[in-house]
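To keep things clear, I will list the structure first and then write my remarks on it.
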Amino acid sequence: MVINHVIGQSRIGVNRDLKKCLEGFFELNQYSEKNINYLNELKKKILYNNWSLKINNNIDYINIGDFSFYDHVLDNIFNINCIPKRFKIKNDKNFIKNYFILAKGDPDNQPLEMKKWFNTNYHYLVPEYNLNTKFSLNLNILKNDICFAKVFKKKIKFIIIGPLTFLKLGKIKDNELKNRLLLLPELLLTYISLINEINNNIDLIQIDEPILILNLSEIWLECLKNVYNILCSYFTNIMITTYFEQINEEYLKYIENINFFSIHLDLINYKKINNFIKNKNIKYNYISLGVIDGKNIWINNLEKSFYIISSIKKKIMISTTCSLIHVPVDLNSEKFKNKKIKIIKNWISFGNQKLKEINNLSETYKLNLNYNKKKYINKNFIKNIFFVMNKKKSKLIFIESVQNKIKKINIENFKYRINYHLRRDIQKKYFKLNLLTTTTIGSFPQTTKIRKIRIDYKNNIISKNNYENLLKKEINFIIKKQLDYNLDIIVHGEPERNDMVEYFAESIEGFLVTNNGWVQSYGSRYVKPPIIYGDIYIKNYLTLNWIKYSQNLTKKPLKGMLTGPITMIKWSFKRIDQTNYITSIQMALVLKKEIKKLERIGIKIIQIDEPAIREFLPIKNSKYKYYFNWAIKIFILILSGIKNNTQIHTHICYSEFNNIINFIKDLNVDVVSIETSRSNMSITKILNNYDNDIGLGIYDIHTKRKMEITYAIYLIKIIINNIDIKKIWINPDCGLKTRKWLEIDKSLNNVVHCSKIFKNLKLLI
């Protein structure tokens with residue numbers, strides 16, 4: 001017997017329905033019963049569409065627990081009622097208002113921190129723990145979802161983050177709680193109560209424990225064994241789920257004798273079907289096989305997947321590798337007109353199409369079981385085989401001139417610039433910079449007016465000349481604003497750019513930009529990752545015209561802004577037919593050409609944004625060295641031959657640096673800007689030994705909260721007490737494109753004002 005299911009589905013709606021609703025909701029900032037009802041009705045509509053798609057594609061279970069208004073980890077915080085006590089929440093009954101206070105903050109509450117969800121581009125909100133953390137049930141929302149699901153008369157699967165993953169991904173917020181596992185007994189009791197409350201109405205419980213792909217200590221593994229021995233002794237319908245990487249095989253002895261209904265494995269990341277799956281001693285009723293890639297958009301090789309699952313002599317479940325929140329919703333919403341792009345479309349599968357792939361694979365597998373030794377292949381299999389072969393042979397992918405350039409690269413192209421301290425002295429004199437230099441990360445508010453200008457140009461409503469003149473007026477305004485703030489280093493503000501990756505992808509061959517390929521980054525912030533389908537090269541320069549114009553508007557140093565090769569790849573749907581290293585070399589050659597040209601026209605400060613450098617890390621620590629070996633080489637390749645008085649910056653987001661700081665040093669950039677505002681500057685303790693200059697993000701731009709003078713002074717004090725003031729730059733923690741001018745005017749004025757206070761005090765001393 002074979003069962004099929006989906007680990008999770010997108011919650012954003014086909015036309016970004018949730019984003020539009022939430023942003024209107026946030027704009028009004030009104031938590032009236034009418035507005036909350038509207039939000040709940042939209043949720044029902046999205047769930048109805050998701051469940052209908054499953055039913056139409058013969059998926060055996062509909063899911064509860066994979067929808068979220070903002071973040072699934074935040075949902076878990078509310079389901080088990082572990083809201084940090086620091087939140088001054090006045091009305092416990094207003095769930096929606098309290099929910100968004102944790103996510104976005106308000107004047108009285110700093111929001112929860114955000115981190116990347118394993119090695120994906122998704123951000124989750126970080127739970128907070130202390131010695132007094134308590135857990136209890138809050139299941140009103142969940143019970144409503146179950147009532148709605150029962151109308152469909154299908155098997156229901158409930159999805160929840162596992163207790164060990166929930167603890168592991170949280171953050172201890174006091175000095176008294178020495179080990180978060182001390183909270184596990186009460187947390188486990190809460191999970192037992194939760195499952196017990198709903199289990200009569202649920203057919204399968206999917207408990208996600210992706211930390212099983214990490215390196216865990218023996219005490220965590222013993223806790224894993226004990227937790228699931230207890231859970232599976234109470235409940236016979238538990239499926240434990242891992243994804244994003246191969247499970248550590250040595251963990252088998254801890255879980256092989258537990259009576260799970262099923263264990264789910266991400267087979268895309270398995271090099272071969274190993275002993276774990278073939279082990280005859282495991283007692284699970286089913287093995288769930290993640291053979292449909294939930295993180296990338298390429299069609300599944302159904303023939304290959306069929307032979308993989310046919311080789312496993314156990315009862316199986318066919319599924320996606322992970323939740324489909326990481327891929328766009330529906331390929332049918334794309335209107336590709338170009339002949340070349342129509343060919344590429346045949347190689348692509350979005351979320352809804354992946355349901356069809358599960359159905360095709362399941363149907364073929366079932367029919368072959370029934371036909372015994374006779375082979376049965378349906379017409380969809382034949383089409384799939386044709387498109388897989390067509391992609392392998394396509395001339396759209398491999399460009400001879402690009403391949404020849406790579407062949408010519410040799411050791412001479414990987415030479416470091418001179419020692420950083422010598423460069424710093426040259427640059428300080430050249431730019432006449434002093435202590436606590438202030439700048440921004442690059443972008444300024446993308447107003448309704450700016451978006452309309454771009455849309456009108458794209459739709460041929462305004463001419464190119466008119467479009468450029470309108471954007472030049474915006475650049476004039478942005479630069480004047482920065483001069484009023486008295487920032488030391490100016491940027492042009494990027495009004496011509498839609499997204500830091502998409503903007504460049506539109507001008508680079510080998511990238512395909514979709515019309516509606518949106519995925520959730522965090523909350524109501526969605527991105528549209530381009531698709532890298534072939535070799536990368538450019539015909540024209542990327543940023544030259546706008547920088548040349550902006551350069552004439554100020555005598556202050558102007559910073560050029562580029563998106564780095566690691567981020568261009570990580571925040572795109574990448575190729576699977578060649579290594580990331582080769583793809584990044586191609587991207588590096590594009591950027592190197594651009595930087596050389598910027599140098600020639602007099603741009604001497606260039607920021608290569610790499611917010612994704614941390615999230616591209618392999619999940620296994622043992623692979624860090626290999627990753628950084630090629631990632632660092634890419635930076636050396638880009639910067640080799642750059643003049644010593646050209647100052648290179650990079651920007652890194654939401655990162656834990658403790659275990660990678662030495663690798664960051666090897667990038668050998670002049671200034672690294674780090675997002676630190678939500679972590680109370682805790683990172684400063686490890687940055688004192690970092691030799692190069694550091695930009696500390698003190699203004700949290702992911703919330704409407706304004707930067708007050710008292711708080712800015714508090715943060716700058718922490719910084720200068722931990723890091724040599726000669727190395728410090730002060731800036732917002734990220735680009736300002738999502739904010740409004742009224743929000744940032746006060747904040748940036750306060751940031752600059754406070755940095756000048758400390759600068760003057762130091763100079764007086």
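For this chain, numbers begin at 1 and follow the sequence in order.
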Audit row: Gln446, Arg739, side-chain hydrogen bond (donor to acceptor under 3.5 Å, both in side chains) steps and yes/no: CA-CA 8 Å; Gln446 292 273 316; Arg739 300 272 54 90; over 6 Å; no
Minimum heavy-atom distance between [X] and [Y], given as atom pair plus value:
X: Arg423; Y: Arg417; answer: NE-NH1, 3.6 Å
X: Met561; Y: Val491; answer: SD-CG1, 4.1 Å
X: Leu169; Y: Val126; answer: O-CG1, 3.5 Å
X: Gly695; Y: Asn731; answer: CA-OD1, 3.3 Å
X: Leu667; Y: Ala631; answer: CD2-O, 4.5 Å
X: Trp117; Y: Tyr243; answer: CZ2-OH, 3.7 Å

Pairs meeting criterion side-chain hydrogen bond (donor to acceptor under 3.5 Å, both in side chains) with involvement of residues 642-653, two or more places apart: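 Listed once each, the pairs are Gln427-Gln647, Glu599-Thr646, Gln647-His649.
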Sequence neighbours excluded - side-chain hydrogen bond (donor to acceptor under 3.5 Å, both in side chains) pairs with any residue from residues 404-414: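 For residues 404-414, and leaving out neighbouring residues, the side-chain hydrogen bond (donor to acceptor under 3.5 Å, both in side chains) pairs sorted by first residue read Glu412-Lys415.
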Lys556/Asn486 under side-chain hydrogen bond (donor to acceptor under 3.5 Å, both in side chains): CA gap, chis, key distance, verdict: CA-CA 10 Å; Lys556 286 195 170 185; Asn486 199 22; 3.2 Å; yes
Just list the side-chain donor-acceptor pairs under 3.5 Å for residues 501-509, sequence neighbours left out, or say none.
unit_1, atom_1, unit_2, atom_2, d
Glu502, OE2, Lys528, NZ, 2.8
Glu506, OE2, Asn498, ND2, 3.3

Derivation and outcome, ring pair (Phe, Tyr, Trp, His ring centres under 6.0 Å), residues Phe244 and His326: CA-CA 11 Å; Phe244 303 142; His326 307 293; 5.7 Å; yes
Lys570 vs Asn119, side-chain hydrogen bond (donor to acceptor under 3.5 Å, both in side chains): CA-CA, chis, key distance, verdict: CA-CA 9 Å; Lys570 180 60 179 172; Asn119 61 349; 5.2 Å; no
Intermediate values then yes/no, salt bridge (charged side-chain N to carboxylate O under 4.0 Å, His left out), Asp488 and Lys432: CA-CA 10 Å; Asp488 296 312; Lys432 298 177 183 177; over 6 Å; no
Geometric cation-pi criterion, Lys472 with Trp546: 6.0 Å, 45°: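 No, a cation-pi geometry is absent between Lys472 and Trp546.
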Within 45° cone of Tyr124 ring axis and under 6.0 Å: Lys116 NZ or CZ: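 Judged by the rule, Lys116 and Tyr124 form no cation-pi pair.
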Ring pair (Phe, Tyr, Trp, His ring centres under 6.0 Å): pairs with one or both residues in residues 416-446, sequence neighbours excluded: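 Every ring pair (Phe, Tyr, Trp, His ring centres under 6.0 Å) pair that includes a residue of residues 416-446, provided the two are not neighbours, is Phe444-Trp741.
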Could you verify whether a donor N or O on one side chain and an acceptor N or O on the other, from [X] and [Y], lie under 3.5 Å apart?
X: Asn580; Y: Tyr627; result: no
X: Lys592; Y: Ser640; result: yes
X: Asp266; Y: Gln246; result: no

Residue among Phe635, Phe616, Phe663 satisfying ring pair (Phe, Tyr, Trp, His ring centres under 6.0 Å) with Trp630: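 It is Phe616; the other options fail the test.
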Using a 3.5 Å distance criterion without hydrogens, assess whether the side chain of [X] forms a donor-acceptor pair with backbone atoms of [Y].
X: Lys737; Y: Pro445; value: no
X: Gln520; Y: Gly523; value: yes
X: Ser747; Y: Met707; value: yes

From Ile489 atom CD1 to Thr554 atom OG1, the distance as rounded to the nearest 0.5 Å: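 Rounded to the nearest 0.5 Å, the CD1-OG1 separation comes out at 9.5 Å.
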From CG (Leu216) to CG (Leu214), nearest 0.5 Å: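 So the CG of Leu216 and the CG of Leu214 are separated by 6.0 Å.
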Non-hydrogen side-chain atoms of Tyr549 and Glu468 separated by less than 4.5 Å: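 No; the side chains remain at least 4.5 Å from each other.
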With Asp577 via salt bridge (charged side-chain N to carboxylate O under 4.0 Å, His left out) - residues at least two apart: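 Scan of Asp577 (salt bridge (charged side-chain N to carboxylate O under 4.0 Å, His left out), adjacent residues dropped) gives Arg575.
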Residues that Asp693 engages under salt bridge (charged side-chain N to carboxylate O under 4.0 Å, His left out), provided they are two or more places apart: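 With sequence neighbours excluded, Asp693 shows a salt bridge (charged side-chain N to carboxylate O under 4.0 Å, His left out) to Arg424, Lys428, given in chain and number order.
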Electrostatic pair Glu113:Lys171 at N-O distance under 4.0 angstrom: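 Judged by the 4.0 Å cut-off on N to carboxylate O distance, Glu113 and Lys171 do form a salt bridge.
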